[in-house]
Structure formats: structure tokens, C-alpha cells
Q: 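My structure is below; once you've seen it, I'll send some questions.
Numbers restart at 1 for each chain; the letters A, B, ... are given by sequence-line order, proteins then strands.
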Amino acid sequence: MADGTMTRSFTIRFKGADRPVTCDESQKVLIAMEQAFPDSRLQPVRVGCRQGGCGACRVKVTKGDYTTAKMSRAHVTEAEQAQGYALACRIYPQSDMEIESAFLGPRRAPKGQN
Amino acid sequence: MSQEGLLRPGIAQIRVLDMDEAITHYVERIGLDMVGKGEDGRVYLKGYDEFHHHSVVLREADTAGIDFFAFKADSQQSVDAFRKRIEAYGLEVDDVPAGEQPGTGARIGFTVPSGHRIELFAHMDLSDQAPDTRNPYIWKSEPRGMRAQRMDHCLLYGPNIDKVEEFFTQVLDFHLPERVDLPDGTLAIWMTVSNKAHDIAFVNHPEPGKLHHLAFFLENWNDIGHAADLMSRYDISRDVGPTRHGITRGQTIYFFDPSGNRNEVFAGGYTAYKDHPVRVWDHNNVGRGIFYYERQLNDAFLSVVT
């Protein structure tokens with residue numbers, strides 16, 4: 001672009017999806033996934049609140065770099081975050097990525113139990 | 001007055017991940033007025049048509065969800081009498097001193113069998129931003145954002161819903177306008193302490209203490225449409241709607257705050273008197289009960305909570 005501000009975009013591969021998803025570096029991975037798979041039955045990651053609170057889009061990043069916005073520690077602890085767990089609605093790609101769903105379901109015991 | 005004991009929902013304290021984003025959402029978008037910020041960082045809000053000091057409290061935390069939901073009673077004598085009945089039922093009651101929240105008297109608190117903390121209180125100061133009462137205009141200054149008149153009700157998710165129904169109806173004197181009974185048990189109950197279709201509702205869910213949504217009352221269907229316009233303009237995460245509930249008959253949009261707590265804007269709804277029979281929905285029709293136009297439940301309704 002003439003002003004030199006190029007938006008970088010990356011290829012995100014979701015386990016179980018039939019095709020990769022393109023995601024800009026300024027775009028949350030979950031939103032790019034929803035745009036690529038508008039039919040919820042075909043989505044490789046569940047969509048919930050899209051705001052980091054409910055845990056529906058909990059994923060494990062198996063490859064690639066990304067930045068993370070604030071998300072509920074009920075769903076991704078600091079230790080889990082260090083292992084590559086994240087909420088897809090809170091991460092922005094910094095490279096091509098490979099992601100798989102790590103949804104825990106509603107039966108996860110609250111903190112202090114389990 | 002003929003309504004004695006508990007009068008109405010009084011306070012919802014909600015956990016948010018980022019206070020600045022939450023204030024923009026609840027004040028600029030939903031249209032609540034910010035009435036104060038405590039030394040501990042909690043933010044106090046009220047709807048433009050609410051008389052008392054506050055109805056919504058935001059607390060910054062590392063998880064989303066609800067800390068407690070409180071009902072206002074007609075007198076301290078009523079609160080004291082409820083305390084005896086709650087303890088006799090077998091729940092432990094604790095005290096929150098007057099002034100723990102600004103303008104608010106002493107509260108009692110207890111955990112119901114679904115894992116939610118419920119509180120009761122008798123006193124809250126009138127707000128200096130309260131609606132006029134002498135030759136009033138419909139509002140003092142034009143409402144902002146989605147024009148929420150008041151905090152209206154909440155829907156909570158947790159286990160032991162039969163016990164919850166027993167406690168609210170037998171101990172706290174709620175009545176139950178509507179329910180969903182599945183072949184394997186009760187899925188959901190809508191209960192009221194007033195004659196609104198619901199002041200609080202519960203859905204059976206394995207994990208205790210969860211929030212499904214906190215609802216705000218709008219004047220009419222046109223305002224629901226205006227709220228939807230704002231959601232597209234400001235890229236607010238929308239769940240379902242605009243649509244209508246068969247249950248309560250309210251007109252509605254479900255959407256999410258910036259921390260993932262579900263909100264509802266709600267208009268209409270029938271009037272529920274204590275002598276009315278209970279409306280009952282079965283598993284073949286529950287979709288129409290929850291979303292009257294879509295006539296089916298979506299996955300998010302049953303599973304996405306904070």
C-alpha cells in the first residue's frame with residue numbers, strides 16, 4: 001500500500017475443518033473462523049460469547065505465534081496459557097497457525113475441586 | 001399495601017474482566033447511569049427510571065459471572081423474619097454490614113442449592129438522579145444508548161432446581177408463573193415475587209453458580225429494534241434476536257458484554273398474579289417456549305454461561 005501500512009494476513013488450520021481460514025493480524029481468530037464457516041454445524045470450534053468469558057471456544061494452539069487479550073481464568077489458567085491453551089475469541093495471529101478445539105464442557109468442576 | 005415481604009430485584013453484582021470496557025458497554029450502549037465508583041474499584045449503576053441509589057454493580061475480576069443477586073424487602077422486620085425461615089429451612093445466613101455498598105443498608109446473604117448467592121436488604125437511599133415525582137416528565141434528560149429503564153431480572157444456571165423451586169416458593173414467598181418439564185425432570189422455572197412474569201429464573205445445569213443472563217427492561221418493541229441497530233453499529237456480540245419468548249411473551253435480544261456475560265434487553269411480558277395457574281411446557285414445544293419465532297433452541301442457550 002502507498003502509505004506503507006500493510007495488513008498481514010495468515011493461514012489458520014483448524015483440526016477437523018475441511019479447509020484453512022485466512023485471518024488478518026488485527027482480527028480475532030474466532031471471528032475469522034465464523035466468517036469462513038457461517039454454518040455452525042461445520043464450525044471446527046464452538047462459538048459462545050465471543051468476549052473471553054464463557055469458554056466455548058477454548059482451543060489448543062499446536063503451531064504458530066499469536067497475541068492474547070484478557071480472558072477468563074476460569075477457562076484458561078496462566079499455566080494452561082503457557083502450554084498453548086487459549087480462547088479463540090481472544091487471540092490474534094502473528095504467523096500461520098494450527099489449532100484444535102479444547103472445549104471442556106459445562107461439567108468442568110469449579111476452582112478448588114477436581 | 002398488598003405486596004408484603006420481598007418487593008423486587010434490587011442489586012446484581014457482576015464480574016467483568018476490564019472495567020473501562022464494561023463501563024462503555026453498560027453506560028454508553030445499554031444506557032445505565034453511572035452513580036459512583038467505590039474505593040475498591042467497584043462501579044455502581046442504575047437505569048434512568050430507577051428511584052434508588054443503584055441496581056447494578058460491576059466488579060473487576062479475572063473471571064466473568066455473577067457474585068450475587070439481591071432482592072429488596074419492604075422492611076427490616078421482613079428481612080429478620082425471612083432470616084428465621086431461611087435458617088429453619090437449613091441454609092446458613094451471613095451478614096453484610098450497612099455501607100458495604102454506598103447508600104445501602106445491612107444485607108443478609110445465603111447460598112441457594114443451585115450454588116448462587118442470594119441477598120436480601122430493606123434499605124437503599126433514593127438516588128439524587130431519581131425520576132421526578134411531582135408533575136413529572138417521562139424522563140429528566142433523554143435516555144442514552146439502548147434506553148434501558150431498569151435492571152429487570154436474571155436467569156441463573158445450576159443444579160438442584162427442584163430444591164431451588166421449593167426454597168423460593170416456600171421460604172421466600174415467590175410464585176411460579178411458568179415452567180419447562182422434560183421427561184427426566186424439570187429443565188427450567190420462572191419465578192416472581194411481584195406481578196412481573198419473572199423476577200428470577202433458573203435452568204437445571206450441572207455446574208453450580210453460573211449466570212445465563214442479566215436483563216434490562218426497554219419500553220417497547222421499537223426500542224428492541226433500536227437496541228439491535230446499536231449492536232450492529234458498535235459490533236456488540238449478539239447471541240439471538242430480535243425475537244420473542246413464548247415463555248413470559250417478552251420481546252428480546254440476547255447479547256454479550258465485553259467480558260462474555262450475557263445480557264438481555266426485554267420488553268413486554270404478561271402480568272403474573274399469584275392466583276393464576278402455572279403455564280407448563282413439554283419437550284416437544286420448549287423450542288417455541290424459549291424462542292417463539294425460531295421455534296427451536298440453539299446450542300448456545302443451553303450451554304453458554306459465565
Side-chain angles (χ1 to χ4, degrees), chain A residues 24 26-35 37-59 68-81 85-92 101-114, chain B residues 14-22 24-25 29 58 60-66 111 114-116 157-159 203-214 231 234-240 254-264 294 296-306:
Chain A
D24 291 350
S26 61
Q27 190 176 29
K28 291 163 183 162
V29 164
L30 185 78
I31 304 304
M33 188 282 293
E34 269 194 282
Q35 288 173 354
F37 295 96
D39 182 343
S40 65
R41 292 167 300 183
L42 302 177
Q43 289 169 354
V45 174
R46 294 164 70 101
V47 177
C49 69
R50 306 185 190 87
Q51 301 283 23
C54 78
C57 67
R58 189 174 187 272
V59 293
T68 308
K70 208 177 273 188
M71 54 194 170
S72 169
R73 291 296 178 201
H75 302 293
V76 180
T77 64
E78 285 180 45
E80 289 171 337
Q81 186 175 344
Y85 289 95
L87 301 181
C89 68
R90 301 282 95 179
I91 58 175
Y92 301 88
S101 175
F103 176 59
L104 290 169
R107 288 166 204 280
R108 188 185 203 201
K111 265 187 215 168
Q113 298 177 26
N114 196 353
Chain B
I14 301 295
R15 295 189 298 277
V16 298
L17 302 176
D18 184 293
M19 186 58 78
D20 290 340
E21 289 181 1
T24 298
H25 177 82
R29 305 297 173 246
L58 304 176
E60 195 170 72
D62 67 359
T63 62
I66 187 165
T111 302
S114 57
H116 298 92
Y157 272 41
V203 167
N204 205 29
H205 184 74
E207 191 176 355
K210 306 304 279 187
L211 171 67
H212 185 273
H213 70 259
L214 179 66
M231 288 179 207
Y234 294 105
D235 196 23
I236 292 170
S237 176
R238 188 182 56 86
D239 185 12
V240 182
Y254 284 149
F255 57 105
F256 296 98
D257 82 1
S259 306
N261 296 303
R262 191 186 279 94
N263 296 149
E264 177 180 34
E294 295 80 359
Q296 58 183 18
L297 282 178
N298 64 2
D299 178 55
F301 179 84
L302 288 171
S303 65
V304 173
V305 292
T306 56

Q: If you measure from the Lys or Arg side-chain nitrogens to the Asp or Glu carboxylate oxygens, is any gap between A/E80 and A/R58 under 4.0 Å?
A: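 Salt bridge: yes.
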Q: Between B/R238 and chain A, with a heavy-atom cut-off of 4.5 Å, which part of the residue counts as in contact: side chain, backbone, both or neither?
A: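 For B/R238, the backbone is the part near chain A, not the side chain.
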Q: Could you check whether any side-chain heavy atom of B/M19 comes within less than 4.5 Å of a side-chain heavy atom of B/L58, counting everything from C-beta outward?
A: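 In short, these two side chains touch, coming nearer than 4.5 Å.
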Q: Tell me whether the rings of B/F301 and B/Y157 are parallel (<30°), tilted (30 to 60°) or perpendicular (>60°).
A: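 If you compare the ring of B/F301 with that of B/Y157, the planes turn out perpendicular.
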Q: Sub-3.5 Å donor-acceptor pair from the side chain of B/H116 to the main-chain atoms of B/K210, do we have one?
A: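 Yes; judged by distance alone, with no hydrogens or angles, the pair exists.
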Q: Would you compute the distance between atom CE of B/M231 and atom CG of B/D239 and round it to the nearest 0.5 angstrom?
A: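 Between atom CE of B/M231 and atom CG of B/D239 there are 10.5 Å.
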Q: Of all residues at least two apart in sequence or in a different chain, which pass the side chain to side chain contact (heavy atoms under 4.5 Å, CB included) check with A/Q35?
A: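 Here the qualifying residues are A/Q27, A/I31.
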Q: In Å, rounded to the nearest 0.5 Å, how long is the span from NZ of A/K70 to CZ of A/R90?
A: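 Reported value, rounded in 0.5 Å steps: 10.5 Å.
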Q: Is the shortest heavy-atom distance from the side chain of B/L297 to the side chain of B/L302 under 4.5 Å?
A: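 Yes, side chains in contact.
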Q: Using the salt bridge (Lys or Arg N to Asp or Glu O under 4.0 Å) criterion, which residues pair with B/D235? Sequence neighbours excluded.
A: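 Residues passing salt bridge (Lys or Arg N to Asp or Glu O under 4.0 Å) with B/D235: none at all.
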Q: Using non-hydrogen atoms and a limit below 4.5 Å, what part of residues 256-263 of chain B faces chain A?
A: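 At a heavy-atom separation under 4.5 Å, chain A is reached by B/F256, B/D257, B/P258, B/S259, B/G260.
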Q: Can you tell which part of A/R41 gets under 4.5 Å to a heavy atom of chain B, answering side chain, backbone, both or neither?
A: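 Neither the backbone nor the side chain of A/R41 comes within 4.5 Å of chain B.
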Q: When only heavy atoms count and the cut-off is under 4.5 Å, which of residues 46-56 of chain A reach chain B?
A: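 Residues in range: A/R46, A/V47, A/G48, A/C49, A/R50, A/Q51, A/G52, A/G53, A/C54, A/A56.
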Q: Between B/S303 (side chain only) and B/D299 (backbone N and O only), is there a donor and an acceptor less than 3.5 Å apart?
A: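 Yes.
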